[in-house]
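Since the structure comes first, as structure tokens, the remarks are kept for the end.
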Amino acid sequence: MECSFALTGKGYVLIAADTTAARSIVKMKADEDKIKSLGPHLLMAYSGEPGDTVQFAEYVERNIRLYQIRNLYPLRPASAASWVRRALADSLRSRSPYSVNLLLGGYDTATHAPSLYWIDYLGTQAEVPFACHGYGSYFALSLLDRYHDPEASLEEGLATLRRCIDEVAKRLVVAPGKYKVKVVDKDGVREIEL
Amino acid sequence: MNPMNTAAQPQQRQFNPYTENGGTILAIAGVDFSVIAGDTRQSEGYNIQTRYAPKVFRLTDRAVLAVNGFAADGNMFVKKVKQRLEWYRHAHAKDMPLHAIARLIQTMLYGRRFFPYYVYNILGGIEDDGSGAVYSFDPVGSYERETCRAAGAAQSLVQPFLDNQIYFKNQQPAPGTAHPAHLPLPHVLSLVIDSFTGATERHIEVGDGLEIYVVLAKGRDLSGLEGFAGLQEVSSRSDGERIFVIRRELKKD
Amino acid sequence: MSIMEYNGGSVIAMVGKGCVAIGSDLRLGNQALTVATNFEKVFPVTDRIYLGMSGLATDVATLREQFRFRVNMYQIKEERDIEPEAFAHLVSSTLYERRFGPYFIEPVIGGLWKTQGGEYKPYIAAADLIGCLNFAKDFVVAGTASEKLFGVAEGLWEPDLEPEDLFETISQTLMNGVDRDAYSGWGAIIHIVTPDKVVTRTLKGRMD
């Protein structure tokens, strides 16, 4: 089943999402990238109803890009999160709502602060030090309560992330096999091999 | 649907042997006394069946039982407990100790595990060592000795108030002092009255009358009770534990 | 599963002597799972009005934005701040607009209004999810711990409390109320609104 994790550290946000695309009991694909970069310093992991996810993620991606083209500067993480939340909240009361859950991680180049937003398909938004979506949250949140350190270095952050992934692999019957991990910091967005 | 053709449709009938009769009960233990209280309104839905139906009963000179939930079950249960206590008196020529009554109630409740008495019980009184005690039960007999407990319709209104005022939850003692483990009788009585007037104000199933039973340990003086309006002694002897009732009016709307 | 209890959370407001207090817990949950412990449910409307909302968290955020917009429009048109009573009716009509597909929130309003003589008087109100207003003289509550809050407030509150005493009363009410509710808690925030200033305090609470 789908799992995504994210956590903040000293000057960075780490986001991990599984890479399986499943249809019923069949694994259709094992290298799906479910983390989009929405800008030079913004990452978004998305999960939920297949079809809705990519459609909505691309809609967000294009609109955030449009803002950057029009204004010559990108939206800051807090504003981007609010815009995405509003898009989901409006969608919720439309004829066909999107069922998409998001983790939005960004690095604010103005305040030099990393920030992470947990957003669900209802349009519920919370700024949090760490977050998860999917069944993984029942295992990872308690681990993150214990081991998360907002001042941790990237290596320490990755070690904590690995703890979460390992625990889910160990205890969750329907655990995903592979994850893609991305980080956003002052230097921008990049992928990391675990 | 054709009224002549009712037999075509499968029909189901169900007899529900339970109902809920509202009201609230409450008990607080002191060092050498115990206070057990309950309102006297009995209702079913929006109907008030009576404004005076006691929910608190004297079992012995040192034990008082409050029952709340389904009134018919409650009355039957009290009757059976009293019967068992009488048999005990005939067999042992003394009253059953409080902790033993508590265990008896557990066994009686659990004996009906698969057709329970739909009642929450709170037992208050004096232990053999002279300390005030409160035991609270769930309908199938899980029980615990506590300092205070509320049950019934307004439990959710009263219990957090008691947490704050009896257990001093979310309160810091002044430096170098500690919160008292037990409160003096007059203080307890005013908390009981405040709890019930508050519950009466905000809960439609609570009101009409208030009965407060006070059990005093052997040899304890009446300090804190004398001059209390509506006080009446109900103990059978004056040289052992003593029981008093305070009857008060609550709002009737 | 009730929508009103999906995210959990509770709000309360109380009247004091020439002041009001309004506060909320900080939990945001997905049913039994706690997602965030910094989710405030009380927001400033003007310098002297605060609005608290409990219920579905997405609607709390949406309505917060909507009320900010409508209060700003009012301010531009009228060239003055909105008064608490007018704001209460704005809240009521905004909710009733969605009578047959409501926003799942219960609002609580606390503020001060200016009399002809220029002094400030406390004002509180609450409403249900379709905007039926309740003007109370003492205190109003909403959320998953509302029953508990009613019980404690009824026991602790008294008329004409000074700001500091009102703070203690509302804090004790909120903390002891939410401690008996699995869906509320994890700390609280209280705002005390007086004519010349607003004091905001964040309270630590039980983490279970």
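Throughout, protein chains are lettered first and strands after them, A, B, ... in sequence-line order, and every chain is numbered starting at 1. Every heavy atom of this structure was used, including side-chain atoms; hydrogens, water molecules and symmetry mates were not.
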With a 4.5 Å limit on heavy-atom distance, are the side chains of C:F39 and A:Q125 in contact? no
Counting only heavy atoms not in A:Y135 (residues, nucleotides, ligands), do more than 12 fall under 6.0 Å from its OH? no
Taking atom CZ of C:R70 as the centre, does the number of heavy atoms from other residues, nucleotides or ligands within less than 6.0 Å exceed 12? yes
Check the side chains of C:T62 and A:R86 for a donor-acceptor pair under 3.5 angstrom, ignoring hydrogens and angles. no
Please answer whether the main-chain N or O of A:L122 pairs with a side-chain N or O of C:T58 as donor and acceptor at a distance below 3.5 Å. yes
Roughly how far, to the nearest 0.5 Å, is the CG atom of A:D145 from the OG1 atom of C:T34? 9.0 Å
Crowded around C:K137 NZ? As in, over 12 foreign heavy atoms under 6.0 Å? no
Counting heavy-atom pairs under 4.5 Å with chain A, which one of C:N7, C:V35, C:L28 comes out on top? C:V35
Any chance CZ of C:R80 has more than 12 other-residue heavy atoms, nucleotides or ligands included, within less than 6.0 Å? yes
Between A:T124 and C:Y6, is any pair of side-chain heavy atoms under 4.5 Å apart? no
Is the side chain of C:N38 donor-acceptor paired with the backbone N or O of A:V128 at a distance under 3.5 Å, no angle test? no
Non-hydrogen atoms of chain A under 4.5 Å away: do they reach the side chain of C:T37, the backbone, both or neither? neither
Please determine whether the number of non-hydrogen atoms from other residues, nucleotides or ligands lying under 6.0 Å from atom CD of C:E79 exceeds 12. no
Heavy atoms of other groups near C:F135 CZ, more than 12 under 6.0 Å: yes
Cut-off 4.5 Å, heavy atoms of chain C, and the answer for A:D90 is neither
Please step through side-chain contact (heavy atoms from CB on, under 4.5 Å) for the pair A:R93 and C:D59, ending with a clear verdict. CA-CA 11 Å; A:R93 286 187 156 81; C:D59 290 347; 2.8 Å; yes
Taking CD in A:Q55 as the centre, count heavy atoms belonging to other residues, nucleotides or ligands within less than 6.0 Å. Is the count above 12? no
